[in-house]
Number of protein chains: 2
Amino acid sequence: MQKETRKEEILRVAARLFKNKGYSAVTMRDLATEMGIKAASLYNHISSKQAILQEIVLAIAEDFTAGMHKIIEADSNSIKKLEQIIDLHVKIAIENTDGLAALNSDWMHLESKLDYYLKLRQDYENNYRTIIESGIANKEIKAVKPDVLMFSMLSTLRSLYLWIPKKGNVNPKELSASLAQILIKGINI
Amino acid sequence: MQKETRKEEILRVAARLFKNKGYSAVTMRDLATEMGIKAASLYNHISSKQAILQEIVLAIAEDFTAGMHKIIEADSNSIKKLEQIIDLHVKIAIENTDGLAALNSDWMHLESKLDYYLKLRQDYENNYRTIIESGIANKEIKAVKPDVLMFSMLSTLRSLYLWIPKKGNVNPKELSASLAQILIKGINI
DNA sequence: GTCTATACGCTGATAGAC
DNA sequence: GTCTATCAGCGTATAGAC
C-alpha cells in the first residue's frame, strides 16, 4: 500500500466536501482548513479549483467507460451483461463514493471538459440501450420500453452513492445480488 | 386562469436556474437579469435568496406529504398503494419539474428549515417502508429486502425530473403505466 | 416597483519570503 | 511545501430617489 501523495489527499478531501455541499458552495479556504493548511498552499499541488473537479469526475467517468467496454466485448447474454453493469456500478460506488457523488451532482460545473464528459456519458448510455434492445430482440428481456427500463435501472444505480454510506460496511456481492433480484428478475422472461 | 404575481414569477424563474446550475451557483444578479430587472428590485418581492429556496422546496415537500397521507389512509392493497405512489411522483414531476430538481439537488442548502425538511422526508420514507413491509407480510409482494426495494423505487421516482424534460410532452398515464410495469411487475407475486 | 449607489465580507488566485 | 500579504471582482443585501 503506497503512501498517499498530497495531491491525492486534496482530491480525496475535496470529493468529500463536494459531496456534502456541492462544488460551488465549497471554497478553497474550506478545503484548506479541512487539510490543516492555508488556501494558498493548495496551489503548490493543484492548478485551480476547476482542475480538482475535473480530475475527480473524469477519472470516474473513464472508469465507467472502461468497465462498459469490457462488458460489451464479452461473449455473454443480455441478462448477464445487465448483471455485470450492476456489479460495475456497485464496485465504483463502494470504492469511490464521494467522487461518484461529485460526478452525479457537479458535472455541469465542468468548464472546458464538459463536452468530453457529456460524450462519455452519451456513449455509455448508447451502449446500455443497445444491450437492452438486443435482449428484447432475443427474447431474453420482456418487451418493455428500452428507454424507460434504462432510465429506471440507471436512476437506481446512479443513486447508489447516496445509499451506501448509510449502510456502513457494505458487502458488494450481497448488494449486487439484491439489486439484480429487484431490477432484473421482474423483466426476465 | 389567474395572472402570475411577480413573486410567483421569481420563484418559477429561480427554480429553473437552480435546476440548471444549482442554488449556490445562481446569483441574485443572474436571477434579476433573467427577469429583466436589477438585483435590488428582487427584494421588493422576496426577503432573501434563502427564502426563495425555502418556498420552492417546502411547497413540494408538503405536496408529497399530503399525497402520501391520502394514499395510506385509503382502503387498498399494497400493490395499489405503490401504484398510487408512482402516480404521485409522476404528477409532481410533470407539474413542477424545476422545483423538484431544486428539492432533490439543493435541500442541503436549506438553513433554518433544514430540520423541518428532513423530518418530512423521514416520515415519507417511513410510510413508504411500512407499505412495502405490509405487502410482504400479506404475501402481495415478493420477500425482497424492503430497504433495497424502497431505495430502488425511490431512486427512479426521484430522478423523474431529469428524464421528463427530455421527452417533450409527457402523457402522465402512459408514463405511470410503464413505470409500474417495470418497478412493480417484477416484485408482484 | 424599479432604479442607482453603496456597503463590505468573501472569492479564487498570485507573488514572494522562509 | 507552507506561510503572509495582497488583489480585483463578485456575493447578498440595504437605503433612498423616482
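Note that these values count all heavy atoms, side chains included, but never hydrogens, waters or copies made by symmetry. We name chains A, B, ... by the order of the sequence lines, and we start the count at 1 in each one.
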Exercise. Which heavy atom in A:V13 sits nearest to a heavy atom in A:E34, and how many Å separate them?
Worked result: CG1-CG, 3.6 Å

For this session: Please evaluate the base of C:dG1 for a donor-acceptor partner in the side chain of B:R6 within a cut-off of under 3.5 Å?
Result: no

Exercise. Are any of A:S41's side-chain N or O atoms less than 4.0 Å away from OP1 or OP2 of D:dG1?
Worked result: no

Exercise. Below 4.0 angstrom from OP1 or OP2 of D:dT12, is there any side-chain N or O of B:K49?
Worked result: yes

For this session: Check the distance between C:dT11's C1' and A:K21's NZ and give it to me in whole angstrom.
Result: 13 Å

Exercise. For the pair made of CD in B:Q50 and P in D:dA13, what is the distance, rounded to whole Å?
Worked result: 9 Å

Problem set entry | Side-chain ion pair, B:E125 and B:R158, N-O less than 4.0 Å | yes

Seminar exercise, completed: Looking only at C:dA13, D:dA13, C:dA15, the nucleotide nearest the A:A40 side chain is C:dA15

Problem set entry | Whole angstrom value for the distance that separates C1' of C:dG12 from CG of A:L53 | 15 Å

Exercise. Atom CE of A:M28 and atom P of C:dC10: how far apart are they, to the nearest Å?
Worked result: 18 Å

For this session: Return the orientation label for the A:W163 and B:F151 ring planes: parallel under 30°, perpendicular over 60°, tilted otherwise.
Result: parallel

Exercise. Tell me: CD1 of A:I46 to P of C:dG12, nearest whole Å?
Worked result: 10 Å

Problem set entry | Minimum-distance pair of heavy atoms, taken over all atoms of A:V144 and A:I136 | O-CD1, 3.5 Å

For this session: Please determine if A:K49 forms a cation-pi arrangement with A:Y23, meaning its NZ or CZ atom is less than 6.0 Å from the six-membered ring centre and no more than 45° off the ring axis.
Result: yes

For this session: Would you classify B:A39 as touching base, sugar-phosphate or nothing, given that sugar-phosphate means primed atoms plus P, OP1 and OP2, and contacts are heavy atoms under 4.0 Å?
Result: nothing

For this session: Take the protein atom NZ of A:K38 and the nucleotide atom C1' of C:dG16, then report the distance between them rounded to whole Å.
Result: 18 Å

Seminar exercise, completed: Of A:I37 and A:R29, the one whose nearest nucleotide on DNA chain D sits closer to the 5' end is A:I37

Problem set entry | Spacing between B:L31 atom CG and D:dC10 atom P, to the nearest angstrom | 18 Å

For this session: Take A:S47 and A:D30, find for each the nucleotide of DNA chain C with the closest heavy atom, and name the residue whose nucleotide sits nearer the 5' end.
Result: A:D30

Exercise. Which whole-number value in Å describes the distance from A:Y43 OH to D:dT6 P?
Worked result: 19 Å

